[in-house]
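Reviewing the structure listed below.
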Amino acid sequence: MTALFDLSGRTALVTGSSRGIGSALARGLADAGATIVIHGRDAARAEATRLEMAHVYGEDRVFAVAFDVTDPEASAAGVAEAEAKAGPLGILVNNAGIQHRVPLFDLDPADWDRVIRTDLTSAFLVGREAARGMAERGAGKIINICSVQTDLARPSIGAYTAAKGGLRNLTRAMAAEWAGSGLQINGVAPGYIHTEMTQNLVDDPEFNAWILGRTPARRWGTVDDVAGPVVWLASGASDFVNGQTIFVDGGMTVVV
Ligand code: NAP
């Protein structure tokens with residue numbers, strides 16, 4: 001049974017894995033046997049995370065690249081660099097993302113563009129570059145990290161909500177075009193997860209109480225909660241799952 005989840009001999013690029021959820025996903029995939037390419041915009045931070053992981057998994061199993069996922073040329077060069085260092089990609093996790101909290105009436109169009117490019121366009125740019133090689137080899141797993149905002153809106157995060165909703169449909173579009181070439185493309189939609197990105201919300205007593213009341217599991221998610229479903233979707237155990245988005249939210253999106 002465990003062979004179904006074994007990722008030995010597979011190479012995974014996890015965007016935005018220099019910290020936060022992405023770094024936990026990279027560790028989860030490494031625990032399952034994969035060779036990992038750590039990624040971020042900040043090369044020094046990516047290298048620091050690579051070093052930490054290389055102590056655990058070995059220098060020959062952890063690599064690092066740095067590029068801006070909103071830049072088409074940099075994304076193409078970054079995927080090529082990842083493959084040159086670590087070997088052909090069998091797994092891509094599109095995880096890099098940002099949040100920007102401003103009501104729609106006050107939202108600067110430049111900030112709207114920045115969020116859409118980082119949280120949605122990046123998955124198209126990096127995903128397409130990785131998928132070209134995967135399609136040639138007839139196999140590959142792409143996992144797009146969505147959010148409960150894929151399904152649910154909330155005041156002040158309109159651009160993020162639009163991007164994450166779009167990411168679910170991009171996941172379907174990728175499956176429509178690439179499933180026939182042996183790729184599986186799915187989404188994982190985490191609920192409220194305690195990370196740097198959400199520390200200010202955890203520290204806000206009113207918001208924290210709202211989360212605990214709104215989540216049937218009565219807690220914030222942890223980064224490790226998200227790793228299990230990602231390992232499953234990266235493995236042979238999910239070979240006939242395609243175009244789906246799995247919510248990992250303690251039940252938040254199934255209750256009112
Ligand atoms: P985080 O701690 O802020 O980390 C973001 C990562 O993305 C960093 O590695 C950062 O690299 C990278 N990144 C951001 N913009 C980039 C760009 N333009 N080019 C390259 N890398 C870029 O975020 P997180 O909380 O772990 O969130 C990770 C993902 O999970 C996001 O897609 C987020 O929307 C999603 N999510 C989070 C939660 C939550 O509760 N935290 C819930 C649902 C979904 P640098 O440090 O080098 O900039």
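Atoms within each ligand, like the ligands themselves, are counted from 1 in listed order.
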Judged by non-hydrogen atoms, does [X] sit under 4.0 Å from ligand 1?
X: H39; result: yes
X: G191; result: yes
X: C146; result: yes

* Give the ring-plane orientation class for F207 versus W220, where under 30° counts as parallel, over 60° as perpendicular and anything between as tilted. =>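 Taking W220 first and then F207, their aromatic rings sit tilted (interplane angle of 30° to 60°).
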Rounded distance (nearest 0.5 Å) linking atom [atom1] of [X] with atom [atom2] of [Y]:
X: L183; Y: R137; atom1: CG; atom2: CZ; answer: 9.0 Å
X: I116; Y: D111; atom1: CD1; atom2: CG; answer: 11.5 Å
X: R27; Y: S17; atom1: CZ; atom2: OG; answer: 9.5 Å
X: Q184; Y: D239; atom1: CD; atom2: CG; answer: 5.0 Å

Report yes if [X] has an N/O atom closer than 3.5 Å to an N/O atom of ligand 1; otherwise report no.
X: S18; result: yes
X: R19; result: yes
X: I98; result: no
X: P190; result: no
X: K164; result: yes
X: R45; result: yes
X: I21; result: yes
X: R41; result: yes

* **Centroid-centroid distance, Y160 to H100, less than 6.0 Å** =>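 Ring-ring flag for Y160/H100: false, centres at least 6.0 Å apart.
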Would you indicate which of [options] comes nearest to [atom] when only heavy atoms are counted?
atom: atom 41 (N) of ligand 1; options: T195, V126, L201; value: T195
atom: atom 32 (O) of ligand 1; options: V148, D71, N95, T150; value: N95
atom: atom 17 (C) of ligand 1; options: D42, V69, I38; value: V69

* Asked: For atom 34 (O) of ligand 1, which protein heavy atom lies nearest, and how many Å away is it?
  ->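 Of every protein heavy atom, Y160 OH, 2.6 Å lies nearest to atom 34 (O) of ligand 1.
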* Which protein heavy atom lies closest to atom 20 (C) of ligand 1, and at what distance to 0.1 Å? ->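 It is F67 O, 3.2 Å.
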* To do: Answer yes or no: are there more than 12 heavy-atom neighbours, outside E206 itself, under 6.0 Å from its atom CD?
  =>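 12 or below, so no.
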* Could R154 and W210 be counted as a cation-pi pair, given that NZ or CZ must be under 6.0 Å from the ring centre and within 45° of the axis? ->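 Pair R154/W210 counts as cation-pi.
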* Asked: Can you tell which of T245, N144, N94 makes a side chain to side chain donor-acceptor pair (under 3.5 Å) with T171?
  ->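 Only one option passes, and that is N144.
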* Asked: Side chain or backbone of D68 under 4.0 Å from ligand 1, or both, or neither, by non-hydrogen atoms?
  ->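 Near ligand 1, D68 shows its backbone as well as its side chain.
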* Asked: Hey, does F63 have a side-chain heavy atom less than 4.5 Å from the side chain of I38?
  ->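 A side-chain contact is absent here, since even the closest heavy-atom pair is not under 4.5 Å.
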* Asked: Under a 4.0 Å N-O cut-off, is there an ion pair linking K85 with E81?
  ->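 Counted as a salt bridge, because a side-chain N and a carboxylate O are separated by less than 4.0 Å.
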